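Note sheet for the following structure.
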Amino acid sequence: MYLFMSLATFEHTLQDAEASLQQATDVAGLEAWHLRFFSKEKGEIAGLLRSIPSLPPNERSTVGKTIHQAKQRLEAAYEARKAALEQELLEAQLRQERIDVTLPGRRLATGHIHPILAIKDELIGIFEHYGFSVAEGPEIEDDWHNFTALNTPADHPARDAQDTFYIPGGWLLRTHTSSVQIRAMAAQKPPLRLIMPGRVYRRDDVTKRHYPIFHQLEGLMVGPDTHMGHLKGLLTGMLQTLFGRELAVRLRPSFFPFTEPSAEADVQCPFCAGRGCSTCSQSGWIELCGAGMVDPNVLQAVGYDPKEVTGLAFGLGIDRVAMVRYGFNDIRHLWENDLRFLQQF
Amino acid sequence: MRIPLSWLNSLLTPTLEPLAIEQALLRIGLEVESLERVAPGLETVVVGQIVAITPHPNADKLRVCQTDLGDGTPVQIVTGAPNVQLHDKIPVAKVGSVLPGDKRIEAAKLRGVESFGMYCSLVELGLPPGIDGVHILPPDTPIGLSIAQALQLGEWVLDLAITANRPDLLAVEGVARELAVATPETQLSPVTPNTPKFSATGPAIRLGEIASARCPLYRGITLRGVQVGPSPDWLVQRLQGSGLRSINNVVDATNYVMLLTGHPTHAFDANQLQGSVIHVRPAAAGENITTLDGTARVLTPEDLVVADAERALVVAGVMGGQAAEVTSATTDLFLECAYFEPSGVRRTSRRLNLSTDSSYRFERGVNPVGVERALNLLVQVIQELAGGVCVGAAVESRQTGFPSIQPFEFHLDAIERLAGIGVPNPEVERILRGLGYTLRRHTDGVFELNAYDVNPPGWRWHDTTREVDLVEEVIRHWGYDKIPAVLPPSMPPPEQPPSVKVERRLRAVASALGLCEVMTRSLSTLEAEKRAGLSSAGAVTLSDPLKDMAILRTSLLPGLLEVLQHNRRQGVSHMGIFELGRTYTTANEERPQEKLWLGGAVMGALWDGLWLPEHTPAPLLADFAYAKGLLESIFTRLEVVHPLHFRQAESLPGLHPGRSAELLLNERVVGILGEVHPSIAREYDLPAQQPTSVFLLDLDAVTAHPAPAQRWVAFSRQPAMLRDLAVLVPESLTAAEALGIIQASGGEWLEHVTMFDRFAGPGIPSGQVSLGFSLVYRAADRTLTAGELEPVHQHIIDQLHQHCGAVLRT
C-alpha cells in the first residue's frame with residue numbers, strides 16, 4: 001500500500017487517527033475506529049509499520065520510533081475515550097433505572113411467640129439461674145395427687161374454691177400445678193428445687209378475668225434450711241428480671257390447705273409505682289401468686305420427714321403475669337389468637 | 001361476711017377508723033373485698049354522667065339522655081329535669097331500685113321513648129331538699145360510685161372474704177378479736193351473756209334419740225310466754241348492714257347471735273311440736289320436708305334431721321322447715337344450739353344444692369366450746385326483745401369426750417426455722433393469748449425455756465393443732481413484712497428435661513421461619529372435631545361439660561383451622577402459624593394418655609396482594625411443598641438422630657387424599673402433613689383457589705431419639721464443580737426414588753444434589769415427566785478436573801437410565 005511512503009504520509013495518517021477518535025461518540029463508533037487503525041492485519045498503523053523496511057535505512061529507526069510513540073499515545077487516548085463512553089452509558093442506564101423509594105418493601109413474615117409461652121420460657125430461664133429445674137406432670141390427674149395428698153381431703157370446704165372438671169373413671173383435670181409437686185417429691189429425695197409450669201383447669205364461666213383453662217408455674221424448694229425469706233427473695237428476684245427493675249413484693253397472710261404458713265404475694269403495681277391506678281384498682285398492688293411453706297402433712301404424704309426438711313412453694317399465674325407485664329385486661333385475648341394481638345409480641 | 005363497722009366497733013375500745021381497720025385486716029391476712037358506705041334502699045343508686053342529650057321527639061319538656069354508669073355501656077334515661085346539662089354528674093337510680101317512699105324504678109316507655117332508670121333529687125333519695133331538681137354532683141365524683149359513698153350516707157360496711165379454715169371469722173366477735181390483737185392500743189370488749197334463770201316450772205321439751213356421731217353436741221332451752229313482734233331499729237340496722245332481712249324479733253335474735261358469735265341457732269314454735277321430745281336422726285329414705293324457702297325436699301338417710309315424734313322439722317344445720325316455724329302467733333319456743341359434724345352438713349348442703357348461712361358455718365366447723373354461751377346469749381336477747389321465761393332446765397346431749405382439744409408443744413425456734421425471723425417471747429405471748437390460746441411456758445426448774453404447752457381456743461380447734469399452725473398465727477400478727485427477702489444459696493443451673501430444650505428450640509426456629517405461635521383450647525367438643533373431619537376416637541369426655549367444652553381435644557388440627565378462620569374473617573389473607581400443645585385420649589382402665597405435638601398451618605400465598613415488578617413469578621402458594629419445606633427446616637434443627645421420611649397417604653382425616661403424607665421417624669408414624677381437604681377448607685371459610693396446608697408432629701417421639709451432643713463437621717475449601725442434569729422419566733417415578741438413585745451412585749465427590757424443576761406438558765411425551773437436578777461435586781483435597789468428573793457424572797446418568805429408564809434431555 002505504502003510503497004513509497006514519506007514522512008508526510010504517516011504524519012497525515014496519525015493526524016487522521018487522532019481527529020477521527022474525537023469524532024467517535026458511541027461505543028460502536030469507537031470500536032470501528034479501533035478496527036481501522038489497530039487491526040493486526042488490516043489496520044492502518046500495522047500498514048505503516050509494514051512499510052518501514054522500504055524506507056532508507058537511516059530513516060527507519062526514527063520513523064519506527066515515531067510510529068510506536070504515536071501508537072502508544074493513540075491506544076491510551078482510545079482507552080480513556082472508551083472508559084468515558086462506558087461511564088456515560090452506565091450513568092444513562094442508572095438514570096433509567098431510578099425507582100420510587102417510597103414503594104413498600106416486600107416484607108417476609110417475622111414470627112411471633114405467644115406471650116404466655118414467651119413468659120413461661122422466660123420464667124424457666126430465670127429460675128434456672130436460681131438452680132431450679134423443670135418438672136412436668138399430667139393434666140388429667142387423680143383425686144389423690146390433686147387434693148388428698150395436698151392436705152385437702154374429700155368434703156374439705158377448700159375444694160369449693162376450685163370448681164373441678166371431673167372425668168368418668170375417677171379422673172379430673174388438675175386445678176393447680178401443685179399436683180406435680182406431689183409427683184416430683186415422690187420421685188426424688190430432698191434437697192430439690194423445681195418449677196412446674198403447665199395448663200390447669202377450673203370450671204368457671206368465661207369472663208374478662210377468668211378462663212376455664214389457664215397457666216400456672218408452680219415453684220417448690222425443699223431442703224434443711226428453707227424458709228419464707230427465701231420465698232420473698234426468689235419472688236423479688238424473679239420480678240426484677242421480668243420487669244427490668246426493682247418492684248416491691250408484699251406477702252399477705254392467707255390460707256391454702258397445702259401450705260402453712262400461707263401467703264398471698266402481691267407485687268407493687270408496675271404502672272403507677274404503687275401510687276394507685278386503674279390497673280391495680282387504686283390499691284398500688286397486684287396479686288401475683290399464692291405461696292407458703294409446704295404443710296408438714298404434705299411432706300409426710302410423700303415420705304419426707306418434716307423435722308428434717310422444710311419447703312417453700314408458690315403457684316404463679318402465668319396469664320396474670322402476662323397481663324400485668326403488657327398491661328392488657330381481658331384474658332380472652334390470650335385464646336382468641338387474633339394476629340393483631342399475637343403480632344404485638 | 002358483711003359487717004357494719006359500728007357493730008365491730010361496739011366490741012372495741014377505743015374504736016377504730018375505717019382506714020385503720022382496713023389496713024390492720026390486710027396486714028393480718030383478712031381479705032377485705034370492700035369497705036364502703038351502704039345506705040339501705042340506695043344500693044342501686046350510683047353516680048352517672050350524662051354523655052349525650054337529645055330532645056324528646058314527642059314531648060317538649062322531656063329530654064333523652066345517654067348516661068355513663070361506669071360499666072361500659074351508656075344507659076338511656078328520659079328525664080323531665082330542666083336543670084341537667086351535658087357532662088353533669090348526677091345520682092341515677094337503676095332499674096330495680098326501690099327508693100324511699102316505696103318508689104319503684106322500672107324500665108318504662110315515656111311518651112314512646114324507652115327509659116332505664118331515673119335521675120334523682122335529694123328528696124327522692126330521702127334526704128333534706130337542696131336546690132330544686134336533680135342533684136348535681138361535683139365534677140370530680142367518680143362515675144359508678146355508689147351514691148351512699150358519694151354523698152357519705154348510711155354507714156360503713158366491711159365485706160370480708162373468709163378463707164375455708166377460719167369459721168371463727170364468720171362472726172363479728174371473731175373479727176373484733178383479730179383487730180384487737182392487730183392494733184395493740186385497742187382492747188376487746190367481749191359480750192358476756194347472763195346465765196339464764198329457769199324461773200318457770202312445767203313441761204320442758206326433752207331430748208330423745210340423738211345421732212351423736214353426726215351431732216356430738218346438742219343443747220336446747222324451752223322459753224315460754226314470748227311476744228313475737230317487729231325488732232327494734234338497732235337490730236334491724238345491724239341485720240340489714242350484714243345483708244340479712246329482718247323477719248321478727250325471735251328470728252332476728254337467732255340471726256343476731258349467729259352473726260355475732262358464729263353459732264347458727266334455731267327457734268322452734270314449741271306448741272307446734274308433735275309431742276314434747278326432739279330427736280336428731282338420719283332422715284328416712286324418701287322423707288319429705290318443706291323448708292322455710294317454700295321448697296318441698298326429699299331426703300335420704302345421708303341427711304340428718306331434727307324431728308319431733310312425727311316428722312322432720314329441720315334439715316340439721318342447713319335450713320328449718322315450715323312445720324314448727326316461728327310466727328306472730330307463737331308464744332312458746334324451743335331454742336337450739338348444736339355442733340353438727342361438718343362433712344355431713346356439707347354433703348347434705350351439696351346434695352340439696354342449698355347453701356345457707358347456717359350450713360356454711362357448720363361445714364367449716366363451729367366452736368364446740370361456745371355452744372352453751374351462744375344459747376345463753378340467744379335466750380338473753382330474746383328475753384330482752386320478746387320477754388318469756390325459761391322452763392325447767394337446759395337439755396343437752398353430748399358425745400363422751402367431746403370435744404377433744406389436745407394441747408401441744410410450741411418451740412419458738414420453729415418460727416425462725418420456717419419464717420427466717422425470730423419473734424421476742426413477750427410478743428409471742430401477747431399475740432397468742434390475745435387470740436385465745438392458753439400458754440404454759442416450759443422451764444428446766446430454774447430457767448424458763450423457749451417452749452410452751454399450748455391449748456387452742458374452741459373456735460380454732462380444727463385449724464390450729466400443730467406447732468406450724470402457731471408459727472403462722474405469730475408471724476401473721478408480728479408482720480409478714482418483717483420477713484427478709486433473701487436468695488437461697490446459689491446452685492449451678494440444672495439439666496433440663498428434653499421437652500424443655502425441644503420447646504425452646506422449636507419456638508426459636510419456627511418463629512425465625514416467620515410462623516406465629518398460637519395457643520388454642522385443650523377443651524373442645526365432638527362437633528368441633530367433626531368439623532375438621534376427625535372421628536374423635538378415644539376422646540376423653542368431661543362429666544360436667546361447659547358450653548364449647550365437653551371433651552379434651554384429640555388433635556391440634558381443629559384449633560389451628562379455627563385460628564385461620566378467625567383471622568381470615570378479620571381480613572388476613574396469608575398467614576403461617578404453629579402451636580405446641582397436648583392431645584388426650586383414653587387408655588382403657590389406665591390413666592388417659594397425653595401427648596405433646598407440634599402443629600403448623602399455612603394459608604394463602606406469600607406476598608399475595610403486594611406490588612411486584614413485572615415478570616415476577618406468581619406468589620408462592622401455601623401448598624404441600626411449602627408446608628413440607630417449613631417442617632423440614634424445623635426438623636433439621638431439632639437434633640434428632642434419625643431423618644424424617646414422608647410416605648404417601650390417601651385417607652388422612654381432613655386432608656387432601658392426593659396431597660398428604662405420613663411422617664415416619666425410625667419406621668414409626670410420628671405425624672401427618674398435607675393440604676387441607678377442599679370440603680374441610682370450605683367448612684372453615686378458607687381460600688377456595690389456594691391450598692391451605694397443615695402438619696402435626698409428635699414431639700414425644702422426637703425427644704425419644706436425641707442426637708448425640710452436637711460437634712462441628714469439617715468442610716472442604718476446594719472449589720466445587722457444578723453440573724445440572726435434566727432427565728425424562730416415567731411419571732410414576734417419585735422424586736425420592738430419583739434422588740435416591742443419584743445419591744447412591746454419585747460417589748464420594750457428590751456433595752449435594754437438589755431438585756430444581758419438575759415439568760410435564762408441551763414437548764414432554766405423555767406418561768413422562770422432566771426432572772431437573774443441580775449437582776455439586778467437590779473433592780476434599782484437590783481441585784477436580786472436568787476430565788476426571790465426566791465418568792462420575794455419566795455413571796449417575798447410566799444408573800438413572802438403568803433403574804428407571806431415564807433419558808437425558810438435551
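On a predicted model such as this, the values are computed, not experimentally measured, just so you know. So that the names make sense, note that chain A is the first sequence line, chain B the second, and so on, each numbered from 1.
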Side-chain donor or acceptor of B:Asp481 paired with backbone N/O of A:Leu251 under 3.5 Å: no
B:Asn567-A:Arg340 side chain donor-acceptor pair, cut-off 3.5 Å: no
Close side-chain approach of B:Met549 and A:Pro212, heavy atoms under 4.5 Å: yes
Structural part of A:Lys307 lying under 4.5 Å from a heavy atom of chain B: backbone
Under 4.5 Å from a heavy atom of chain B, the part of A:Trp171 involved: side chain
Segment of B:Pro493 engaging chain A (4.5 angstrom heavy-atom cut-off): both
Any donor-acceptor pair under 3.5 Å from B:Glu594 side chain to A:Ile140 backbone: yes
Structural part of B:Leu26 lying under 4.5 Å from a heavy atom of chain A: both
Atom group of B:Glu495 that falls short of 4.5 Å from chain A, counting heavy atoms: backbone
Side chains of B:Tyr480 and A:Met228 in contact at under 4.5 Å (non-hydrogen atoms): yes
Under 3.5 Å donor-acceptor, B:Lys547 side chain and A:Asp205 backbone: no
Contacting region of B:Leu418 [heavy-atom separation from chain A under 4.5 Å]: both
Polar side-chain atom of A:Thr110 near backbone of B:Gly514 as donor-acceptor pair, under 3.5 Å: no
B:Asp71 atom CG, neighbour heavy-atom count above 12 within 6.0 Å: yes
B:Val518 portion near chain A, given a 4.5 angstrom heavy-atom threshold: both
Options A:Gly237, A:Pro138, A:Ser254, ranked by heavy-atom pairs under 4.5 Å with chain B, top entry: A:Pro138
Donor-acceptor contact below 3.5 Å, side chain B:Glu472 vs main chain A:Ser262: yes
Atom group of B:Glu31 that falls short of 4.5 Å from chain A, counting heavy atoms: side chain
B:Ser499 portion near chain A, given a 4.5 angstrom heavy-atom threshold: side chain
Proximal component of A:Arg250, with respect to chain B [non-hydrogen, under 4.5 Å]: side chain
A:Glu264 portion near chain B, given a 4.5 angstrom heavy-atom threshold: neither
Chain B contact via A:Phe132 - which portion, at a heavy-atom distance below 4.5 Å: backbone
Side chain / backbone / both / neither for A:Ala118 at chain B, heavy atoms under 4.5 Å: neither
Separation of B:Arg417 CZ from A:Met293 CE (nearest 0.5 Å): 8.5 Å
Chain A contact via B:Arg27 - side chain, backbone, both or neither, heavy atoms under 4.5 Å: backbone
Heavy-atom pair with the smallest gap, counting every atom of A:Leu108 and B:Leu606: CD2-CD2, 4.5 Å
A:Leu173 portion near chain B, given a 4.5 angstrom heavy-atom threshold: side chain
CD/A:Glu246: more than 12 non-hydrogen atoms of other groups inside 6.0 Å: no
A:Tyr201 and B:Ser522: side chain donor to acceptor below 3.5 Å: yes
Region of B:Glu590 that comes under 4.5 Å of a non-hydrogen atom in chain A: backbone
CD1 on A:Ile113 to CZ on B:Arg504, rounded to 0.5 Å: 11.5 Å
Proximity breakdown for A:Leu334 and chain B, heavy-atom pairs closer than 4.5 Å: both
Short side-chain donor-acceptor distance under 3.5 Å, B:His566 and A:Asn337: no
